[in-house]
There are 2 protein chains.
Amino acid sequence: MQRKNLEANGWKVSDTAEFLNLSPEEAAYVELKLALSKALQELRKSKKITQVDLAKRIKSSQSRVAKMEAADNSVTVDLMLRSLFALGASRKKVVGMLG
Amino acid sequence: MQRKNLEANGWKVSDTAEFLNLSPEEAAYVELKLALSKALQELRKSKKITQVDLAKRIKSSQSRVAKMEAADNSVTVDLMLRSLFALGASRKKVVGMLG
DNA sequence: TTGAAATATGTCAAATTTGACATACATTTG
DNA sequence: CAAATGTATGTCAAATTTGACATATTTCAA
């Protein structure tokens, strides 16, 4: 069940940490990953590029790109960062998107 | 051979990208990793903690911590981020160290 | 609508990363 | 100087992540 659904059903889910009741450090990591996934999707869309196109650029697959943008736990921050850089984002921009 | 040695021998190595002649996106990724490794070592030392101690905190091993701080290519950004958070760094602090 | 393009989700063998260990090297302390 | 403590480096089986694929679902223009 997704957060959206929960909220639609009347739940109030403030943040991911509380939702999954993670330790503070696990929470910080997960939230950073979430920020990266959003940044990735935003940047890709802003460039009018499809998941298939991005996949080709990074020599991966559409499904993996989808998982990155969904912050799936089978995906590493490394791959997300590489993707952002492959989309032409500078270090400053990436840091800014996380800031 | 390390950069230090090269420089001691008279080479001028300006940055990692040039040194390893990486593509811009590979370079950005490697340099981010380098920044993380430095941040990790600095934070650990500032807390007067040994590699062994940090290893225990993150349920890893001294050798892996050493490799993180050396930005070894057998280590992921994920592990480095988890380590920074385990040392009590906030997201803001981590981002700041990268900025 | 309807069909095509884009995205999501599940699975899996192959590739990479992991903690653990041994051991070499470095630094500090007595 | 030792010896003790801390760090570096190499190796490996086990664990995780990977790209690829199939297929389901969503989005959107005709």
Side-chain angles (χ1 to χ4, degrees), chain A residues 1-6 8 16 20 22-23 25-26 29-30 32-34 36-87, chain B residues 1-6 8 16 20 22-23 25-26 29-30 32-34 36-87:
Chain A
M1 198 178 201
Q2 308 291 350
R3 276 179 64 161
K4 265 185 189 170
N5 295 335
L6 285 175
T16 312
L20 297 171
L22 303 171
S23 69
E25 57 245 43
E26 289 169 328
Y29 169 72
V30 168
L32 196 73
K33 242 174 108 169
L34 269 177
L36 280 169
S37 71
K38 287 194 194 307
L40 183 58
Q41 185 168 53
E42 280 176 15
L43 186 56
R44 178 181 64 80
K45 286 185 174 172
S46 80
K47 302 231 169 191
K48 313 281 191 193
I49 287 174
T50 70
Q51 289 184 348
V52 170
D53 291 336
L54 174 54
K56 282 175 186 165
R57 286 203 202 184
I58 63 176
K59 301 187 204 297
S60 181
S61 60
Q62 178 269 324
S63 57
R64 198 126 293 278
V65 172
K67 279 157 192 163
M68 282 195 262
E69 295 186 356
D72 190 288
N73 47 1
S74 85
V75 76
T76 59
V77 166
D78 294 71
L79 192 60
M80 291 180 176
L81 288 174
R82 284 179 190 280
S83 301
L84 284 166
F85 291 136
L87 283 174
Chain B
M1 199 178 203
Q2 307 292 350
R3 278 178 62 161
K4 264 187 190 170
N5 296 334
L6 286 174
T16 314
L20 297 171
L22 303 172
S23 68
E25 59 245 42
E26 288 169 329
Y29 169 71
V30 169
L32 195 73
K33 242 173 109 167
L34 270 176
L36 280 170
S37 71
K38 286 193 195 308
L40 183 58
Q41 186 168 52
E42 279 175 16
L43 186 56
R44 177 181 63 80
K45 286 186 174 171
S46 81
K47 302 232 169 189
K48 312 282 189 193
I49 287 174
T50 69
Q51 290 184 345
V52 170
D53 290 335
L54 174 54
K56 282 176 187 164
R57 287 203 200 185
I58 63 176
K59 299 188 205 297
S60 180
S61 59
Q62 179 269 324
S63 57
R64 198 127 292 278
V65 172
K67 279 157 190 161
M68 283 196 260
E69 294 185 357
D72 189 287
N73 47 359
S74 84
V75 76
T76 59
V77 167
D78 294 72
L79 192 61
M80 291 179 175
L81 288 174
R82 285 179 190 278
S83 301
L84 284 166
F85 291 136
L87 283 175

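Heavy-atom basis, side chains included; hydrogens, waters and symmetry copies ignored. Lettering follows sequence order; numbering is per chain, from 1.
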The reported gap from CG in L36(A) to CG in D78(A) (rounded to nearest 0.5 angstrom) is 10.5 Å

Nearest-neighbour nucleotide for the A66(A) side chain, dT18(C), dG19(D), dT9(C) considered = dT9(C)

Picking from dG6(D), dT17(D), dT7(C), the nucleotide nearest the side-chain atoms of T50(B) would be dG6(D)

Please report the distance, rounded to the nearest Å, between [atom1] in [X] and [atom2] in [N].
{"X": "Y29(B)", "N": "dT16(C)", "atom1": "OH", "atom2": "P", "result": "13 Å"}
{"X": "N73(B)", "N": "dT17(C)", "atom1": "CG", "atom2": "C1'", "result": "11 Å"}
{"X": "E42(B)", "N": "dT7(D)", "atom1": "CD", "atom2": "P", "result": "15 Å"}
{"X": "D72(B)", "N": "dT16(C)", "atom1": "CG", "atom2": "P", "result": "14 Å"}
{"X": "K45(A)", "N": "dC28(D)", "atom1": "NZ", "atom2": "C1'", "result": "13 Å"}
{"X": "L81(A)", "N": "dT17(D)", "atom1": "CG", "atom2": "C1'", "result": "15 Å"}
{"X": "K56(A)", "N": "dT18(D)", "atom1": "NZ", "atom2": "C1'", "result": "19 Å"}
{"X": "M68(A)", "N": "dT9(C)", "atom1": "CE", "atom2": "C1'", "result": "15 Å"}

Please work out if V65(B) contacts a base, only the sugar-phosphate, or nothing of the nucleic acid, heavy-atom cut-off 4.0 Å.
-> nothing

Start at the 5' end of DNA chain D and walk down; is the nucleotide closest to L79(A) or to A70(B) reached first?
-> A70(B)

Position toward the 5' end of DNA chain D (nearest nucleotide), I58(A) or Q51(B) = Q51(B)

Any donor-acceptor N/O pair, K67(B) side chain to S74(B) backbone, under 3.5 Å = no

Report yes or no: does K33(A) contribute a side-chain atom to a donor-acceptor pair with the main-chain N or O of M80(A) at less than 3.5 Å?
-> no

For DNA chain C, whose closest nucleotide is more 5', that of V52(A) or that of D78(B)?
-> V52(A)

Hey, which of K56(B), E69(B), Q41(B) is the one that makes side chain to side chain donor-acceptor pair (under 3.5 Å) with Q51(B)?
-> E69(B)

Short N/O separations, protein against nucleotides 21-27 of chain D, under 3.5 angstrom:
residue	atom	partner	partner atom	Å
dC21(D)	N4	S63(A)	OG	2.5

For dT17(C), does either OP1 or OP2 sit under 4.0 Å from a side-chain N or O belonging to S74(B)?
-> no

Are any of T76(A)'s side-chain N or O atoms less than 4.0 Å away from OP1 or OP2 of dT17(D)?
-> no

Looking at every non-hydrogen atom in both residues, tell me the closest pair between [X] and [Y] and how far apart they are.
{"X": "L79(B)", "Y": "R64(B)", "result": "CD2-CG, 3.7 Å"}
{"X": "L54(A)", "Y": "S83(A)", "result": "CD1-O, 4.4 Å"}
{"X": "R82(B)", "Y": "Y29(A)", "result": "NH2-CE2, 3.1 Å"}

